[in-house]
Amino acid sequence: MNNWWRASLALLTSAVAVGLAGCGGSDEPVDPCTPLAAPSTAPGTSPPVSATGAYLCSAGVGVSNLEASVNFYKSAFAMKERARFTRVDREEVVLDSADGRGSRLVLMNYTSGPARNYQQNPGKIVFYVKDVSAVAAAVVAAGGTTSTPVPFAGRMVSFGRDKDQNLIEITSEPTAVHSYVSAFGIGVSNLEAAKKFYVETLDMKVLTKLSVTKPTGPTTTGPWYDEYILTSGVGRGSAIVLMTYTDGTAKNYTNNPIKLGLRVKDPQAYASRIAASGNRVTLDPVNYGERQLGNTMIGYARDADGTVLEILDSPN
């Protein structure tokens, strides 16, 4: 393990050591995925919403080689393939965690439209696992990279990268049988504005705010990124982590190939709230008759940085 990883592990793990054990499982019967439709004009006013907020039922990340990435996550984390979808501009594979808990992971490879850079995602995927050493070894065997697991705050922690250089956090969790996605991080250009949107518009809850540091020399440390950890008000799905880098490095925060699948009680009302917040609704929620989707009501929007938001009705 190089000095960078050795010196920074204890500093980085605060993001997963504070409270994420409470992230529950998602219960939707199928993963909601539909093609983007033509932009539409959403209502300009925001009606009241009687729901308790959105929860993350699925997290999508773009990959350069779909089959290679599917095999990676199956081999490294024992994830299980649930469904495949061919969309207007992409192919998707939906993966369940080995434990059947937390949000699903959707791997996406774009087949049309503008070129995507799959190597610059400023976010992260956080896994809670039973045996960090075993999973870290499996990540390396599957073609990724990891650091040597170290103890921190009563847990074992390792950090690594997948085949597209997505940051992966691997943390021990006593209740894990094997592993599950406990949080999904997205890079944002304005941390406070992003927090305001996800809290005030989507009714997420702030668990904590952290300033994460990394070493700049043998004995000194410097800033790396600030983050908010958000959870749902309904106690389901995985956490969402908003991340802004503070180390002076250039990051691409806009229009990255990622998406958040958000379950809500009333998709139409939340679409109106998103539009009223000044963000773009690209597809007003409509009821789809696709068999695999179970007639789910689905809409699409984007946050201020262009992250795709799937807005779906909650089965409960």
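Bear in mind the structure is a predicted one, so any value in this text is a computation, not a measurement.
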In Å and rounded to the nearest 0.5 Å, what is the [atom1] to [atom2] distance from [X] to [Y]?
X	Y	atom1	atom2	answer
D284	T282	CG	OG1	9.0 Å
S314	R236	OG	CZ	5.5 Å
M79	L107	CE	CG	8.0 Å
L95	K80	CG	NZ	11.5 Å
K196	L191	NZ	CG	14.0 Å
L260	I240	CG	CD1	5.0 Å

Quick check: closest heavy atoms across [X] and [Y], and the distance to 0.1 Å?
X	Y	value
D203	E200	OD1-O, 4.0 Å
A138	S75	CB-O, 3.9 Å
L56	A239	CD2-O, 4.0 Å
T201	S277	OG1-CB, 3.7 Å
S179	S97	O-CB, 3.7 Å
S232	A54	CB-O, 3.1 Å

Considering only heavy atoms from C-beta outward, does the side chain of [X] approach that of [Y] to under 4.5 Å?
X	Y	answer
Y73	V139	no
N256	T307	no
S238	F184	no
N252	N117	no
Y118	N109	yes
N166	V61	yes
V286	I298	no
F197	V199	no

Would a distance-only check, ignoring hydrogens and angles, find a side-chain to backbone donor-acceptor pair under 3.5 Å from [X] to [Y]?
X	Y	answer
D164	S64	yes
D99	V177	yes
S69	V63	no
R263	D313	yes
S158	S147	yes

Salt bridge between [X] and [Y], side-chain N to carboxylate O under 4.0 Å?
X	Y	value
D96	R82	yes
E310	K259	yes
R273	D266	no
K195	E227	no

Have [X] and [Y] got a donor and an acceptor in their side chains that come within less than 3.5 Å?
X	Y	result
Y253	N190	no
T111	R87	no
T249	D247	yes
D303	N279	no
D305	S189	yes
E192	Y228	yes
S211	D226	yes

Requested in this report: Assess the pair F77 and F127: is the distance between their ring centroids shorter than 6.0 Å?
Outcome: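 That pair passes the under 6.0 Å test.
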Report task. Check the pair I311, L262 against side-chain contact (heavy atoms from CB on, under 4.5 Å), reporting the backbone distance first and the verdict last. Result -> CA-CA 5 Å; I311 315 159; L262 301 170; 5.8 Å; no
Query raised in the report: Are V206 and V188 in one and the same hydrophobic cluster, where Ile, Leu, Val, Met, Phe, Trp and Tyr link if side-chain heavy atoms are under 4.5 Å apart?
Result: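 Same cluster.
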Requested in this report: Could you check K124 against Y225 for side-chain contact (heavy atoms from CB on, under 4.5 Å), going step by step and ending with a plain yes or no?
Outcome: CA-CA 12 Å; K124 60 183 177 181; Y225 58 81; 3.4 Å; yes
Report task. Let me see the working for E81 and K74 under salt bridge (charged side-chain N to carboxylate O under 4.0 Å, His left out), right down to the final yes or no. Result -> CA-CA 8 Å; E81 184 174 322; K74 284 182 177 180; 3.3 Å; yes
Query raised in the report: What do the steps show when you test I258 against I186 for side-chain contact (heavy atoms from CB on, under 4.5 Å), and what is the final call?
Result: CA-CA 8 Å; I258 55 176; I186 61 172; 3.6 Å; yes
Query raised in the report: Is the number of heavy atoms from other residues, nucleotides or ligands within 6.0 Å of NZ (K130) greater than 12?
Result: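 No, because the 6.0 Å sphere around NZ of K130 holds 12 heavy atoms or fewer from other groups.
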Requested in this report: Report the C-alpha separation of Y198 and L242 in whole Å, then their side-chain angles, then the decisive distance to 0.1 Å, and conclude whether the side-chain contact (heavy atoms from CB on, under 4.5 Å) test is met.
Outcome: CA-CA 9 Å; Y198 281 91; L242 308 177; 4.1 Å; yes
Does NZ or CZ of [X] fall inside the cone over [Y]'s six-membered ring, less than 6.0 Å from its centre and within 45° of the axis?
X	Y	result
K251	Y245	yes
R116	Y110	yes
R90	F85	no

Requested in this report: Give the intermediate values and the outcome of side chain to side chain donor-acceptor pair (under 3.5 Å) for residues R101 and T175.
Outcome: CA-CA 11 Å; R101 297 174 59 186; T175 67; 3.1 Å; yes
Report task. Please name the residue in the list V132, V135, D131 that meets the side chain to side chain contact (heavy atoms under 4.5 Å, CB included) test with S172. Result ->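 Between S172 and the candidates, side chain to side chain contact (heavy atoms under 4.5 Å, CB included) is satisfied uniquely by V132.
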